[in-house]
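Every heavy atom of this structure was used, including side-chain atoms; hydrogens, water molecules and symmetry mates were not. In this chain, numbering begins with 1 at the start of the sequence shown.
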Amino acid sequence: MDDAFKPSRRAFLKGSAAVAAGSVAGAAVAETPDPLITELQDWASYTGAGVDETPYGMPISYESHVVRRNVEWLTASPISSINFTPIHALEGTITPQGCAFERHHSGAIELRKEDYRLMINGLVDRPLVFTYDDIERFPRENHVYFCECAANTGMEWAGAQLNGVQFTHGMIHNMEYTGVPLRTLLQEAGADISPDKWVYVEGADASSNGRSIPMEKALNDVLVAFKANGEALRMEHGYPVRLVVPGWEGNMWVKWLRRIEVVDRAVESREETSKYTDVYADGTAQKWTWVMDAKSVITSPSPQMPIKHGPGPLVISGLAWSGHGQITRVDVSKDGGITWETARLGKQGDTKALTRFYLDTNWDGAPMLLQARAMDETGYVQPTKDQLREKRGENSVYHNNCIQTWYVSAEGIAENVEVS
Ligand code: MTE
Ligand code: CO
């Protein structure tokens with residue numbers, strides 16, 4: 001351990017919450033008898049729950065605050081809406097399905113495996129219809145990927161808006177998918193896979209959420225997925241089968257996948273024209289932004305995760321990701337971007353997946369302007385909000401991957417702010 005991280009007794013006695021919080025560092029100075037240590041507790045006096053009580057385990061009631069949340073004023077109805085992953089309260093990189101954000105255009109549908117059909121038609125030698133069981137007979141692969149809605153952080157263009165990383169950055173999840181490469185199904189149907197062709201994919205829900213995907217991507221790493229994190233997809237994530245389009249905007253990850261049509265040009269559906277399109281400051285629009293550029297955010301401390309101890313050892317923790325590949329480096333600033341320290345990556349980042357980073361630091365108790373800045377394998381560096389606004393103006397909605405700032409007070413309270 002570096003000397004800087006050794007808690008000094010004096011520093012801890014000064015920190016108001018340090019002893020009460022019972023942190024590791026606090027424990028070093030605990031002297032008074034603690035009834036939790038010296039007295040027999042209820043949970044050691046009686047027997048606990050039997051193995052027949054929770055056939056499928058839910059989080060313990062003390063963790064009931066770690067849930068998806070929506071922002072009522074954002075959309076007219078919860079049927080065509082979004083809720084947010086509680087990324088402030090999660091660790092590591094895998095998002096449990098039960099708290100992974102949902103985005104539906106016409107609500108989540110209940111579709112039995114027995115009623116599931118997937119059609120491949122269009123420019124194919126053999127139009128085919130697969131049942132769910134058919135799909136499970138093709139060789140499968142497992143990969144961890146993030147899925148980020150293009151609207152993530154979209155409310156922050158004009159200024160700091162929502163006071164919680166769950167709401168500013170929670171339209172993202174990261175799961176291990178099991179599925180069949182789309183390439184395999186295209187081959188099975190004898191599809192025309194020449195590079196100028198496209199696939200048009202649609203879902204079985206009322207919105208159908210149709211999107212066109214260029215053939216090169218369709219043949220590369222797109223998965224027709226039927227499991228997430230080892231178990232069946234949850235209804236809200238597209239049970240029984242969804243498309244996984246690694247690194248590309250969440251809208252293309254069609255849920256309840258029902259049809260794949262091979263076509264010779266992009267369909268230009270609603271979801272790829274009037275929606276999910278970026279408008280520039282000068283009023284012109286960018287046709288298609290598929291790849292989600294490198295982005296990072298500090299999840300703790302953050303507005304929903306205040307610092308609960310005084311000066312001394314502090315773990316700054318966050319997430320970074322890039323639709324172009326691996327995250328190679330994340331820097332953290334405590335002074336609003338004037339000076340930077342390189343963070344430690346939890347482990348070498350997977351391609352197109354969340355990477356956890358840490359800055360194990362010694363907090364002097366002074367206010368901080370915390371920022372994180374991600375770099376990916378292409379050499380791309382996450383931009384500041386002002387750099388993005390120069391190109392995109394303030395009326396953009398989608399694809400906001402700017403550097404986020406949290407102001408942390410001497411009391412450890414964090415707040416969503418902007419620095420320029
Ligand atoms: N697929 C269908 N069929 N219907 C939808 O409404 N929403 C899209 C995409 N696929 C949608 C869909 C959008 S905008 C996003 S961001 C992702 O699904 C969200 O996936 P999730 O609900 O599993 O988080
Ligand atoms: Co979306």
Side-chain angles (χ1 to χ4, degrees), residues 80 103-109 111-141 145 147 149-150 177 179-226 233 237-277 287-291 323:
S80 176
R103 169 71 175 111
H104 317 303
H105 290 76
S106 51
I109 58 167
L111 178 55
R112 298 189 319 160
K113 280 181 183 163
E114 294 81 351
D115 299 332
Y116 179 76
R117 297 290 183 273
L118 172 60
M119 176 192 282
I120 301 197
N121 67 334
L123 303 172
V124 298
D125 293 337
R126 293 175 297 282
L128 294 173
V129 175
F130 301 106
T131 64
Y132 179 83
D133 289 344
D134 292 337
I135 289 168
E136 283 210 349
R137 294 180 64 189
F138 289 99
R140 65 189 72 164
E141 294 181 6
Y145 293 122
C147 171
C149 183
Y177 294 98
V180 177
L182 175 56
R183 163 188 352 111
T184 307
L185 300 185
L186 290 171
Q187 276 158 5
E188 186 74 10
D192 182 346
I193 56 165
S194 37
D196 59 338
K197 299 294 178 281
W198 297 68
V199 295
Y200 183 68
V201 285
E202 62 182 19
D205 54 329
S207 81
S208 86
N209 196 84
R211 288 294 305 248
S212 311
I213 301 175
M215 188 56 76
E216 191 193 353
K217 180 68 173 176
L219 297 175
N220 181 18
D221 54 4
V222 177
L223 283 180
V224 174
F226 49 88
L233 288 164
H237 301 303
Y239 179 93
V241 177
R242 89 171 303 166
L243 206 63
V244 167
V245 189
W248 288 27
E249 60 182 2
N251 186 255
M252 302 174 101
W253 295 47
V254 170
K255 302 189 278 191
W256 315 288
L257 181 67
R258 80 161 167 212
R259 197 167 71 92
I260 300 165
E261 183 177 351
V262 181
V263 288
D264 56 13
R265 68 176 75 96
V267 167
E268 310 218 354
S269 68
R270 172 187 184 271
E271 306 298 323
E272 55 199 15
T273 51
S274 80
K275 304 292 167 196
Y276 303 102
T277 294
K287 192 171 188 179
W288 300 318
T289 304
W290 295 317
V291 182

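Glu272 places a side-chain N or O within 3.5 Å of a backbone atom of Ser269 that can act as its donor or acceptor partner.
Within 6.0 Å of atom CD in Glu216, 12 or fewer heavy atoms from other residues, nucleotides or ligands are found, so the atom counts as exposed in its surroundings. The environment of CD1 in Ile193 is sparse: at most 12 heavy-atom neighbours from other residues, nucleotides or ligands sit within 6.0 Å.
For Arg242, there are no salt bridge (Lys or Arg N to Asp or Glu O under 4.0 Å) partners, not counting sequence neighbours. Residues meeting the side chain to side chain donor-acceptor pair (under 3.5 Å) test with Asn220, sequence neighbours left out: none. Taking the ring-ring contact (aromatic ring centres under 6.0 Å, His included) definition, one finds that Phe130 meets it with Phe138, sequence neighbours left out. Every residue meeting the side chain to side chain donor-acceptor pair (under 3.5 Å) condition with Thr289, not counting sequence neighbours, appears here in chain and number order: Asp278. Applying the ring-ring contact (aromatic ring centres under 6.0 Å, His included) criterion to Tyr276, with sequence neighbours excluded, gives Tyr398. Applying the side-chain contact (heavy atoms from CB on, under 4.5 Å) criterion to Ala108, with sequence neighbours excluded, gives His104, Met235, Glu236, Trp256. Every residue two or more places apart in sequence or in another chain was checked for a salt bridge (Lys or Arg N to Asp or Glu O under 4.0 Å) with Glu271, and none qualifies. Evaluation of the side-chain contact (heavy atoms from CB on, under 4.5 Å) rule for Arg259 yields Met119, Asn121, Tyr200, Glu202, Glu261 as partners, not counting sequence neighbours. Judged as a side chain to side chain donor-acceptor pair (under 3.5 Å), and not counting sequence neighbours, Arg265 has no contacts. Residues that satisfy the ring-ring contact (aromatic ring centres under 6.0 Å, His included) test with His105, not counting sequence neighbours, are absent from this structure. For Lys287, the side chain to side chain donor-acceptor pair (under 3.5 Å) test picks out Glu268, with sequence neighbours left out. Applying the side-chain contact (heavy atoms from CB on, under 4.5 Å) test to Val291 and every residue at least two apart in sequence or in another chain returns Trp248, His324.
For Glu136 and Lys113, the salt-bridge test fails: no basic side-chain N is under 4.0 Å from an acidic carboxylate O.
Asp192 and Ser194 are linked by a side-chain donor-acceptor pair at a separation below 3.5 angstrom, with hydrogens and angles left out of the test. Side-chain polar atoms of Asn209 and Ser207 form no donor-acceptor pair below 3.5 angstrom.
Met215 pairs in a side chain to side chain contact (heavy atoms under 4.5 Å, CB included) with only one of the listed residues (Val199, Asp264, Asp196), which is Val199.
The nearest pair of heavy atoms linking Ala204 to Leu111 is CB-CD2, 4.1 Å.
Aromatic pair Tyr145/Trp253: ring centres not closer than 6.0 Å.
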